[in-house]
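First comes the structure, then the notes that go with it.
Sequence lines set the chain letters: A, B, ... in the order given, protein chains first and strands last, and positions in each chain run from 1.
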Amino acid sequence: MSPNESTVYVYVKCDTVISEEPICLSVTPKYTYTPLNQLKHGSVVNVYGAVKFFKPPYRSRGTDYCSVVSIMDQSNAKLTCMLFSVNLDTLPVIYKIGDIVRFHRLKIQQYKNEIQGVTTVGFSSLTFEGTLGTPVIPRTSSKIYTFTSDDQKTVEALRVWAAHHISSSGALIKLSDVKAMQFFDLTCELVGKAEVDGSSVLLKVWDGTKPPFPSWKVLFEDGSLEGDADRINQLQNLTVDILVYDNHVALAKSLQIGSFLRIYSLHTKIQPITPKKQSNIAHLEFHLHGGTCYGRGIKVLPENNCDVEELKRFLDSVDLAEYQQLENICDLDYNISSSFSCKKDSWNAVFIQKHSFIVLTDHQYLETTPLSAILKRDAPQQYRIRAKLRNYEPQKLYQSVKLHCPKCHSLQEVPHESDLELVLQEAATEQPDPKLQNTSLYNSEVWTTQNQQERKIVIHFIKNDGILQVPEVTLIMIEGGLLSEIYQLSKKFKGVIPVKSSQEDLIVLDLAVPFLIQGKTWHYGCKQCSKLKTMQNLNSLVKEASWTPVCIAEALGIVPLQYVFVMTFTLDDGTGTLKVYLMDCEKFFQIPASEILNSDDLQKNMEMIMYMLCPPGKKIGEYPWLECFIKSYNVRNEVEQEICYRIFDTVIAEDLI
DNA sequence: GATTAGGGTTTG
């Protein structure tokens, strides 16, 4: 064998045992691998990639199993592959984002202006654990495959790249960290299973940690529960009930008790509290909905999977007796009648102590003052209080979010989209000035819309030290853009500044619209306090590329407005009631007011918090106690002086959110 | 031999 010849090791895989002894053949490797940015429509290629997204194999409506896998490599290009096979085994065995795959004989074709990979005759795959430092052992059903030292290097290099460029399974969380409303991936052991009806199956699983809220208990017919009854009973406070629907039912039915599972895109919801139920504690529902969106599905993990090995060690170390005690307290709560409200409160106290989901104060040294005493005293004072939230206003969340100027302290409404669109439409009729395009600060491109009377849009790409960067870190300015266009661009670029041409330079379009759109946050400036400067002033930020809203606002002479929640709480501690104001950016609810209007998830979290603090359909005796820090202050109106109260230094405990 | 799905959450 000449020194330049590579060695191809042909590993012969017999069932699950990989032969330790490579058969050494003196042949030149025949496989070449195409970088993902060089794929040509119509070709059949071999590729390597790190898994960016995947749907675990599921039965398609046709004859085959299907798995959708998106991969990326060092070229930063992404390829989505449609993998089909009659045989489940020949699809890649991917367990999580970041795994490394090698595909042989993948056909590249075009679909909707993008290329995609599809299985073709002779398709085969190897999958490797993506974690740095773990052994490079392929998962595959292929009995014979090549694996050279070059392959080893490719996998290792991709692991390093993926560790920096692909966010690992952040969705993989423990039951103890589960939030009241979220989608996540769960690694767990199956302890019980029951068919509930034709379209759903109940899975009872645990991962050794205690969820922050008790699990809902799904009802099923007597005798339909599979699993060891003693064990199910012993673990009842640590297991959660997952309802699995529709297309996942068949797979769920086939699962063996005691197997280790990864359940992808599991959904938690708070169980509505109904008057029939005696408990005033929120319960969590776990759903694996129908469909395969976001890779929703179930995969059985082998015993030798490193996550399973870790889970097994952890499950063995759990002290079950500790959770048995809590169970007894739970039983007390479930069984007592509503007439024993003081007992219930004491249970509530235990629960709150354990899970601390009620409002906390930073000022633990202060003694609690009854509201009746506060009402008799002059202002200004500070108090620690313990009360229940009898009512709050406004009830509609979007009405509680306002814009506050830290300089002149004015409060204003967040502009409605239709108002923004009017201003943008008006501005779009003005002609961009070509003299202001392509300067040392930015490169400009003029686009002409096709269907709207040839409207001109100019995008100015701000350079970093004279060089254009990738969109993710590039700030752009837009002239003549409408709301939908700005919205689309804000998804691609670091930030978008709506501008217009003036005599000397580009200037901020109008403070009636955001001066900067960054991610989901629309930043506004105060009309009264801002003293606008032109866009060339951004030059001062270019070197450091410090494109924070604060820096940009300062460079442009803008006083940025803060998003705040403004609410009135009516508090009641049995001795009296007090109206208390809350003005909060993000500390109180642990939810940024600046992002909530553009986030369904945050809105749901907020609704859930208010639902917990002020549960509808319940008597006030059953409301949770809140601990707050408030201060009183004098407000003089035209006729008289009034004492007002405001919450501060108070937060909702993290566990609730 | 073609089809399946074509990533971007249910509404139980």
Side-chain angles (χ1 to χ4, degrees), chain A residues 41 49-72 77-88 90-92 94 96-97 99 101 106-121 123 166-167 169-171 179-186 194-203 216-220 241-249 252 263-272 274 283-298 488 491-492 520 598-604 607-608:
Chain A
H41 164 54
V51 175
K52 171 84 171 52
F53 167 82
F54 72 106
K55 291 186 175 186
Y58 60 96
R59 262 218 180 280
S60 75
R61 286 172 215 271
T63 55
D64 295 350
Y65 285 96
C66 173
S67 180
V68 178
V69 182
S70 288
I71 57 173
M72 294 184 77
K78 188 177 86 170
L79 179 72
T80 300
C81 305
M82 308 290 128
L83 308 178
F84 297 100
S85 172
V86 226
N87 186 352
L88 191 60
T90 60
L91 291 172
I94 299 166
K96 56 182 174 188
I97 309 293
D99 280 356
V101 290
L106 184 74
K107 190 167 83 182
I108 304 302
Q109 62 183 31
Q110 201 135 6
Y111 176 75
K112 284 188 180 170
N113 290 329
E114 279 194 27
I115 54 160
Q116 60 176 201
V118 200
T119 40
T120 184
V121 185
F123 172 84
I166 291 187
S167 56
S169 292
K179 305 274 195 278
M181 255 174 287
Q182 71 178 154
F183 292 91
F184 66 104
D185 299 345
L186 178 69
E195 286 186 34
V196 177
D197 55 43
S199 68
S200 61
V201 168
L202 161 68
L203 301 180
W216 65 337
K217 301 288 176 214
V218 174
L219 298 176
F220 48 83
D241 283 9
I242 300 172
L243 257 190
V244 171
Y245 301 94
D246 306 339
N247 54 315
H248 310 296
V249 163
I263 303 176
Y264 300 93
S265 205
L266 183 58
H267 188 199
T268 55
K269 266 162 95 170
I270 206 97
Q271 187 175 43
T274 60
H283 284 63
L284 272 189
E285 298 179 357
F286 293 82
H287 303 269
L288 188 72
H289 298 292
T292 62
C293 283
Y294 276 83
R296 190 183 300 133
I298 303 175
Q488 288 302 323
K491 289 188 194 165
K492 288 249 178 221
K520 288 187 167 174
N598 288 323
S599 164
D600 288 346
D601 284 350
L602 293 180
Q603 286 173 21
K604 283 180 187 163
E607 274 170 26
M608 207 273 300

Practice item. For the residue pair A:Y245 and A:H287, categorise the inter-ring angle as parallel (less than 30°), tilted (30 to 60°) or perpendicular (more than 60°). Key: parallel
Exercise for review: Check the geometry between A:F183 and B:dT9 and answer yes if their rings are stacked (centres below 5.5 Å, planes below 30°), otherwise no.
Suggested key: yes
Practice item. For A:S199 and for A:S265, locate the closest nucleotide of DNA chain B by heavy-atom distance; then report the residue assigned to the nucleotide nearer the 5' terminus. Key: A:S265
Review point. When you check the glycosidic angle of B:dG8, does it come out syn, meaning within 90° of 0, or anti?
Key: syn
Point to revise | Nearest listed nucleotide, side chain of A:D64, among B:dG12, B:dG7, B:dT3 | key: B:dT3
Point to revise | Sugar-phosphate only, base, or nothing, as touched by A:T63 at under 4.0 Å among non-hydrogen atoms | key: base
Practice item. Tell me what A:Y58 touches on the nucleic acid: a base, only sugar-phosphate, or nothing, going by heavy atoms under 4.0 Å. Key: sugar-phosphate
Review point. How would you label the contact of A:Q109 with the nucleic acid (heavy atoms, under 4.0 Å): base, sugar-phosphate, or nothing?
Key: base
Exercise for review: Kindly state whether the pair A:F54 / B:dG7 counts as stacked, where counting means centroids closer than 5.5 Å and planes tilted less than 30° apart.
Suggested key: no
Point to revise | Between B:dG1 and B:dA5 - P atom distance, rounded Å | key: 22 Å
Exercise for review: Output yes when at least one side-chain N/O atom of A:R61 is less than 4.0 Å from OP1 or OP2 of B:dA5, else no.
Suggested key: yes
**Study point:** A:K107 NZ - B:dG6 P separation (whole Å)
**Key:** 17 Å
Review point. For the atom pair CG (A:L288) and CG (A:L203), what is the distance rounded to the nearest 0.5 Å?
Key: 8.5 Å
Revision key, fill the gap. Atom NE2 of A:H267 and atom P of B:dG12 are separated, to the nearest Å, by 11 Å
Review point. Is there a donor on the side chain of A:S70 or the base of B:dG7 sitting less than 3.5 Å from an acceptor on the other?
Key: yes
Exercise for review: For A:G62 and for A:K52, locate the closest nucleotide of DNA chain B by heavy-atom distance; then report the residue assigned to the nucleotide nearer the 5' terminus.
Suggested key: A:G62
Check your understanding: Which part of the nucleic acid does A:G291 contact within heavy-atom distance under 4.0 Å: base, sugar-phosphate only, or nothing?
Key -> nothing
Check your understanding: Distance only, no hydrogens: is a donor on one side chain within 3.5 Å (strictly under) of an acceptor on the other, for A:S199 and A:D197?
Key -> yes
Point to revise | Nearest-angstrom distance from the residue atom CD1 of A:I242 to P of B:dT9 | key: 21 Å
Revision key, fill the gap. Of B:dT9, B:dT3, B:dG7, the nucleotide closest to the side chain of A:T80 is B:dG7
Review point. For A:F84, does its backbone N or O pair with a side-chain atom of A:T119 as donor and acceptor, under 3.5 Å?
Key: yes
**Study point:** Separation of atom CG in A:L284 from atom P in B:dG12, rounded to whole Å
**Key:** 17 Å
Point to revise | Spacing between A:K269 atom NZ and B:dG12 atom P, to the nearest angstrom | key: 6 Å
Check your understanding: Does a side-chain N or O from A:Y111 land closer than 4.0 Å to OP1 or OP2 of B:dG6, or not?
Key -> no
**Study point:** Interatomic distance where NE2 belongs to A:H248 and P belongs to B:dT10 [whole Å]
**Key:** 10 Å
Review point. What's the CG-C1' distance between A:L243 and B:dG12, to the nearest Å?
Key: 8 Å
Point to revise | Ring-on-base stacking B:dT4 with A:F84 (under 5.5 Å, under 30°) | key: yes
Point to revise | Smallest separation among heavy atoms of A:I166 and A:A50, with atom names | key: CD1-CB, 3.7 Å
Check your understanding: Separation of A:E114 atom CD from B:dA5 atom C1', in whole Å?
Key -> 15 Å
Review point. Between A:K78 and B:dG7, is there a side-chain N or O to OP1/OP2 distance below 4.0 Å?
Key: no
Exercise for review: Describe the nucleic acid contact of A:K112 in one word from base, sugar-phosphate, nothing, applying a heavy-atom distance below 4.0 Å.
Suggested key: nothing
Review point. Quick one: does NZ or CZ of A:R296 land under 6.0 Å from the six-membered ring centre of A:Y264, within 45 degrees of the ring axis?
Key: no
